[in-house]
Each structure stands twice: as C-alpha cells, then as structure tokens.
Amino acid sequence: MIIKNFVAAAVIISIMAVSSAFAQTKFEASTILKEKFTDKSGAPLTGKGVIIGDVDSGIDVFHPMFFFADGGEFEFMDVNGDGSLTIGEDGIDKNGDGKIESSEVLRYQEIRDNTWGMLSSLGQVPGKYNPEFDFLYVDVNGNKKRDFGTKAGFTESDPSYGEQFFISLDENRNGKIEAGEKLVGLKTSKIRSVRQRDDIIRRRGIDLIETEEDKNGHGTGVAGLIIGGHYGVQKIHGIAPDAEMVFSSIRYDYTPRFVRNFTDLVGFLRDEKVNILLFEDGEWMWEFMDGSSPEEEMVNQMARDGVTIIGGAGNMSGGNMVIIDQLKTGKSVTYTASCSGKPDEDVTKNDGVFFSFLWKDASSNVKFEVETPDGKSTGELSEGSGILKTGQYKIFYSREVSPKGTVMMKFGASTQDSDIVRGKFKIKVTSDKDQEIRGYVVDVTQSWSGNARWINSNAITDESNICFPSTADSCMAIGAYVFNVGWMDQVGDLASYSSKGYNITGKLGVDITGPGHSTFSTEKNNTYQIFSGTSSAAPHVVGTAALLLQYDPSLTHEKVRMILLNSARKDNFTGDVPNPEWGYGKLNMEGAIQYLMNLSN
C-alpha cells in the first residue's frame, strides 16, 4: 500500500460512513476474540514474547495504547469521600504522607473519537472519563494538561515518557472507578526500536523517546490493531496487546522506485530478530512483480529461517491502473493513459507520470512507440535505455530483464520545463510473438485512486493487481472485506478496492482476507479512528499469527500459513475457496487457535 495516499482515501470512507452510522445501532471492534484462550502455561493468549516487525510510516511512541501496564498497582485516595474516583480532586498518595497534594491529583486523557460517533455504540461518551476508553495521569505540575516528551523535560527513563499514565480496573464494569478498584501504572514502551526515515535508529531504554513523528499516522493505526491497549481493559484493543513491535519507517522518493532502500528496511527487521514481518506498503511501478527483487529474496530466506511473512495485497482495484492483454504476432495495439495533473496533500505539483510493461519471453522482440499529449512521437523503442526529447516532453525509457526472466520496458515522462503533466499519452505496442503483456501507470502522487489511469481499453482489469512486495514467493498476501460499514459494498463482502488475482508467475495472489474496511484502531495524538484498506486487514492476520506463536513458538512460516488457511471461513460472499478474490476465505481468529490446539493434543 502506498500508505500516504490511502490515508486520504480513508477520510472519504469516513465521510461516506456517516449516514450509515446512524442507521446501524451496533458496531464491533474487529480485534476482540469472542472466546478466551490460554497458552500451555495457563496465561491468556495476548502475544506475549512475540516480536513483530513492520515496514511502515512509523509510530506515535507517546500514545498510551503503546505502553505496558508494568508500572505497579495503586489505589486512589478518595478525598471527598463519595466512594468513587472524582477527576481533579482525588489522587494517588505517591509520597505516603496520607494526603493528596496538588502534584498528586489525577486527571484524565480523553482518547478522542474520530469515528464519526460510531464508538458511541460501544459506550464511548465524549467529555466524560470512561475507563474502557480513556487513561488517567497524575498532573504533577497542576496545569490541567498532560505533559510529555523531551520538550517538557522528560527522559527515556520516565514511565510512559511523561506524566505517568494509568489504566483503571473497573471490575464491575459500571463505567466508574469505585473505592477498592485498582489503578495500574503504564511504564515500558511496547516499541523495541524504530529505524527512522533519516536512517537513525531509536531504541527503547536508550532514546526511543526521541523518535520522529509518525507523519501520516498509518503505522500508528496498524500498531493499534496488533498491540494497542490492554487485554480485558479497553473496549478497543489489539489482537496481541502484549506483543512488541519494531518499525522500519519508509522514506518515499519522488520517482520510481518509490522506495529505494527496501533492502535496508528489511535487513533492519531481520537483524532485530523479529518473529513476524509485516509489509505495509504496496508498489507497482518499475517493479517486476515476479518475486525476484533482492528484498523479496531476503524475506524468502527469512521465511525459510522461520519468520512469518505477511503483507497487504494492495488497494488497487477500481483505479484503472492495470491492463492485461494478449498480443498477436505483428499486430499493433495502442493503449491510452489519461493524466489529470491533480496534486495531493504531499505533492503540490504533479509533474511526472510513469509506465511499465511486463512480459515473460525475453527472446521476443516487443516494440513500443510513445505519443505525448502534444502529438509528438518517440519512434519505435525495443531495447537499451535513454532519454528522448519529444515535443514538449522528456521521455525516459529502459528495457530490463529480471533474474526470473520477466522483461520490463519502463518509461517516465515529464515536461521540458518541469511543468504539470496532464493530457493523454498513447503507447503503441507491437510483438513478434503471441504473448501476454501487462501494463501499469502511476504519477508522482502515487495515488490508489488513479490520478493517472488507462482509458478506452477492454484490457483494463482488476483481475491481477497484487502489489509488490506482497508478490514475494513467501509472503502471505491479505485481501480486505467490509466489517462495520460499507463504502459501496455490503458488510461482509470483499472491499471493492481490494487487490486480487494471480501474480505474473501464476501464484495465487491472495492467501486469505481479513476485516479491512471500517475497523477501529488508534490514531496519533491520543485518538481513535476508522481504519480501512488491506492495510487494516493484514494486521488482523499478524495479530492472530502472534497468538499462535505464543502458544507454540516453534511454528514456522509454512506451519502458520497452513493453520491460517485451513481454518479460514467460507460463506455466501466467498463462495467456494480457494479463488482469486478471497484466497482461502476469511480469517478465523478463534478457529486458527483451536486448530493449533487440536494439532498439539
């Protein structure tokens, strides 16, 4: 998933969910198991002892959902004697002098509801402390707000990196904390380390408090689904809240390959000895899509070494950015791409468009001719590389062959004066053999929505659009189905944007699908959000895999995959499985755990 653009799409999804939200009275947290399970020692299955690596945008290390409840148990002092916790009056007698001083008063951090009110069906009420959603803190300096981070004078050794957070154990579930009910301090970060976009590595216990901001919040949403919160406390918490995470933060380049340091990102997670590796990025431009890249080979080796490899399949359907066609010997076909030139939140000037064509016979001679929007032609191109001045445009081209024999002809187009690229490009293709060809298009916005897209062709398809690096031979690619509220789709059906089909190698592209549209998760800056896309579906599979690995740490990648696929659900939406849209069906979290338990007995 090119993550910076799906965040914007999620805003549209949220807006379209508003009217439906009022019509539906009950929503669910997709990450809460419907049964309680324990490991072989009798401890709850919470992912404890499992380390998850994520190639993503980063993480908000200050969000209270990402600290362990290992800071000790406390009882509050009931100053006004009303038998329950009164925010702003009662507190914790930290110095043991038998009274509450101004530096010991408890206040609460409201976790804001950015779900268009959908959380109200779970009991969330804005402006009122709710122990199942919000967090307490000791207002040490009495300024009625929580201070945190190095700018406020806190260091790596300070619990929860600021004025200490607490969770409340509301034993009777009446929505308030009464005398005798415990408070538990939050202390240690669940994040072990972060490789920042600038390549600086931050580590827990050393300088994690200095971690850069999660610029668009994508990684924070992913982490919430996996490790957010605390088992049995919040109405919304991750599937494996006692697991730990390591982040490799993506730095996007302006032109393809849009992520050029993938091997460094993967290598860092490998060296951090993660048990599960998650890809939260999707690419298609100037990629061979056949599993042959160095980073795909790296994760294949990691899988052979026992690491579970999982990635989102992509959100490419509906964007009209893929064509698949059958070329006939000597017959020319022309494909047309329309470039809107629209900017986005990160790209103020849309001044480049890119194309790549893939085929499998390196011995064949496939010729290309590019006509620019001003009607000028490059002439025929079939080999080599170069930059051609064509009318008002500069056209880059290069023919390359992958280690697996897949052939790529790639193009990049910009104007001579670096102005906005808009209009229609026509690409004529002629082959000396009958064969299949695949064509891709994208512009510098890297948008899922297809700011640059193919038009006027029966070859435009969504039938085979799994994104790199989930094209790796070892990677379990995860599709998304609608969970709480549909966009244009029915709840329970495949999300209309979810990538599907077979890879160019013939491998079934989607292994399994997960809840991926309108799930609830964390958002940066102390917020809950609606989180959608295969970016949401894949963390559900990761969280489930973490529970399996807690139960049996000896499980290999192939064994985890076998359990997940064999326990998957099928229903009227999936039809018979496996198939190119649903893979082996819908993730069955409880079923996967039970399947493993049955194997172990």
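Values reported hereafter were calculated over all heavy atoms of this structure, with side chains retained and with hydrogens, waters and symmetry mates removed. Predicted model only: the values in this text are computed from it and were never measured.
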A.B. asks: To the closest 0.5 Å, what do you measure between CG (L555) and CG (L549)?
C.D. replies: 5.5 Å
A.B. asks: Can you confirm whether L564 sits close enough to V560 that some side-chain heavy atom of one is under 4.5 Å from a side-chain heavy atom of the other?
C.D. replies: yes
A.B. asks: Tell me every residue that passes salt bridge (charged side-chain N to carboxylate O under 4.0 Å, His left out) with D473, counting only those two or more places apart in sequence or in another chain.
C.D. replies: K404
A.B. asks: Using a 6.0 Å cut-off, check whether atom NZ of K349 has over 12 heavy atoms from anything other than its own residue.
C.D. replies: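 Result for NZ/K349: enclosed.
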A.B. asks: Would you call the rings of Y231 and H237 parallel, tilted or perpendicular, taking 30° and 60° as the class edges?
C.D. replies: tilted
A.B. asks: Hey, do the aromatic rings of F396 and W286 have their centres closer than 6.0 Å?
C.D. replies: yes
A.B. asks: Strictly under 6.0 Å, is that where the ring centroids of Y108 and F166 end up?
C.D. replies: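 Between F166 and Y108, which both carry aromatic rings, the centre distance is not below 6.0 Å.
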A.B. asks: So, for H218 and F531, is the gap between ring centers shorter than 6.0 Å?
C.D. replies: yes
A.B. asks: In terms of side-chain heavy atoms, does T445 have a donor or acceptor partner in N451 at a distance below 3.5 Å?
C.D. replies: yes
A.B. asks: For K235, I'd like to know if atom NZ has over 12 heavy atoms of other residues, nucleotides or ligands within 6.0 Å.
C.D. replies: yes
A.B. asks: Would you say Y440 and L358 make side-chain contact, with heavy atoms under 4.5 Å?
C.D. replies: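 Of all side-chain heavy-atom pairs linking L358 with Y440, at least one is under 4.5 Å.
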A.B. asks: Can you confirm whether the side chains of S248 and R197 place a donor and an acceptor under 3.5 Å from each other?
C.D. replies: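 Side chains of S248 and R197: no pair found under 3.5 Å.
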A.B. asks: Answer with yes or no whether the side chains of Q529 and K524 bring together a donor and an acceptor at under 3.5 Å.
C.D. replies: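 The answer is no; no qualifying pair exists.
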A.B. asks: Measuring from H63:NE2 to N526:CG, what's the distance to the nearest 0.5 Å?
C.D. replies: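 If we round to the nearest 0.5 Å, H63:NE2 and N526:CG are 5.5 Å apart.
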A.B. asks: Among side-chain atoms of S193 and E272, is any donor-acceptor pair under 3.5 angstrom?
C.D. replies: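 Yes - a donor-acceptor pair under 3.5 Å links their side chains.
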A.B. asks: How far apart are the closest heavy atoms of L278 and V542, and which atoms are they?
C.D. replies: CD1-CG2, 3.8 Å
A.B. asks: Give me the atom names and distance for the closest heavy-atom approach of S499 to C467.
C.D. replies: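 Between these two residues, the closest heavy atoms are OG-SG, 4.4 Å.
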A.B. asks: State whether a side-chain donor-acceptor pair under 3.5 Å links T406 with D290.
C.D. replies: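 T406 vs D290: donor-acceptor pair found between side chains.
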A.B. asks: Donor-acceptor pair, T220 side chain versus E523 backbone, under 3.5 Å?
C.D. replies: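 The answer is no, because no donor-acceptor pair under 3.5 Å joins these two groups.
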A.B. asks: When you check the side-chain N and O atoms of D147 and Y137, is any donor under 3.5 Å from an acceptor?
C.D. replies: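 Side-chain D/A pair, D147 to Y137: absent.
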A.B. asks: Determine whether the aromatic ring centres of residues F258 and Y252 are separated by less than 6.0 angstrom.
C.D. replies: no
A.B. asks: Give a yes-or-no answer on whether the side chains of T155 and Y161 include a donor-acceptor pair shorter than 3.5 Å.
C.D. replies: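 Per modelled atom types, T155 and Y161 side chains form no pair under 3.5 Å.
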A.B. asks: Is a donor on one side and an acceptor on the other found under 3.5 Å between the side chain of S498 and the backbone of A480?
C.D. replies: yes
A.B. asks: When R202 is tested against each of E156, E212, E210 for salt bridge (Lys or Arg N to Asp or Glu O under 4.0 Å), which residue passes?
C.D. replies: E210
A.B. asks: Is it true that D417 and T415 share a donor-acceptor pair across their side chains at a distance under 3.5 Å?
C.D. replies: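 Judged by distance alone, the side chains do pair up.
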A.B. asks: Whether the D242 and T46 side chains hold a donor-acceptor pair (N or O, under 3.5 Å, no angle test) is what I'd like checked.
C.D. replies: yes
A.B. asks: Tell me, please, which residues at least two apart from R107 pass side chain to side chain donor-acceptor pair (under 3.5 Å).
C.D. replies: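 R107: side chain to side chain donor-acceptor pair (under 3.5 Å) contacts with D139.
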A.B. asks: Nearest 0.5 Å, please: how far is CG in L183 from CZ in F74?
C.D. replies: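 The distance works out to 8.5 Å.
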A.B. asks: When you measure from the side chain of S103 to the backbone of N141, do you find a donor-acceptor pair of N or O atoms at a distance under 3.5 Å?
C.D. replies: no
A.B. asks: Does any N or O in the side chain of N315 come within less than 3.5 Å of the main-chain N or O of T534, such that one atom is a donor and the other an acceptor?
C.D. replies: yes
A.B. asks: Once you measure the plane-to-plane angle for Y497 and H517, does it fall in the parallel (<30°), tilted (30-60°) or perpendicular (>60°) bin?
C.D. replies: tilted
A.B. asks: Does atom NZ of K507 have more than 12 heavy-atom neighbours, drawn from other residues, nucleotides or ligands, at distances under 6.0 Å?
C.D. replies: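 Yes - once you tally the heavy atoms of other residues, nucleotides and ligands closer than 6.0 Å, there are more than 12.
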A.B. asks: Report yes or no: does E296 contribute a side-chain atom to a donor-acceptor pair with the main-chain N or O of C475 at less than 3.5 Å?
C.D. replies: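 Not a single qualifying donor-acceptor pair exists.
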A.B. asks: Does the ring of F165 carry R146 above it, NZ/CZ under 6.0 angstrom from centre and within 45° of its axis?
C.D. replies: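 Judged by the rule, R146 and F165 form a cation-pi pair.
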A.B. asks: Is a side-chain donor-acceptor pair under 3.5 Å present for T519 with S536?
C.D. replies: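 Looking only at side-chain atoms, T519 and S536 do form a donor-acceptor pair, the distance falling under 3.5 Å.
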A.B. asks: Kindly indicate whether a cation-pi arrangement holds for K190 with F67, taking the cut-offs as under 6.0 Å to the six-membered ring centre and within 45° of the axis.
C.D. replies: no
A.B. asks: Between R257 and E287, does any NZ, NE, NH1 or NH2 come within less than 4.0 Å of an OD or OE carboxylate oxygen?
C.D. replies: yes
A.B. asks: According to the interplanar angle, ranging from 0 to 90°, do the rings of W448 and W284 count as parallel (below 30°), tilted (30 to 60°) or perpendicular (above 60°)?
C.D. replies: tilted
A.B. asks: Do any pairs count as a side-chain hydrogen bond (donor to acceptor under 3.5 Å, both in side chains) and have a residue in residues 299-313, sequence neighbours left out, and if so which ones?
C.D. replies: N300-S474, Q301-R304, Q301-D305
A.B. asks: When you check the side-chain N and O atoms of T505 and N503, is any donor under 3.5 Å from an acceptor?
C.D. replies: no
A.B. asks: Are the charged groups of R195 and D199 less than 4.0 angstrom apart, N to O?
C.D. replies: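 Yes, charged N to carboxylate O under 4.0 Å.
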A.B. asks: Side chains of S535 and E280: is there a donor and an acceptor less than 3.5 Å apart?
C.D. replies: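 Side chains of S535 and E280: pair found under 3.5 Å.
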A.B. asks: Determine the interplanar angle of the F148 and F62 rings, folded into 0 to 90°, and report it as parallel if under 30°, tilted if 30 to 60°, perpendicular if over 60°.
C.D. replies: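 It falls in the tilted class, 30° to 60°.
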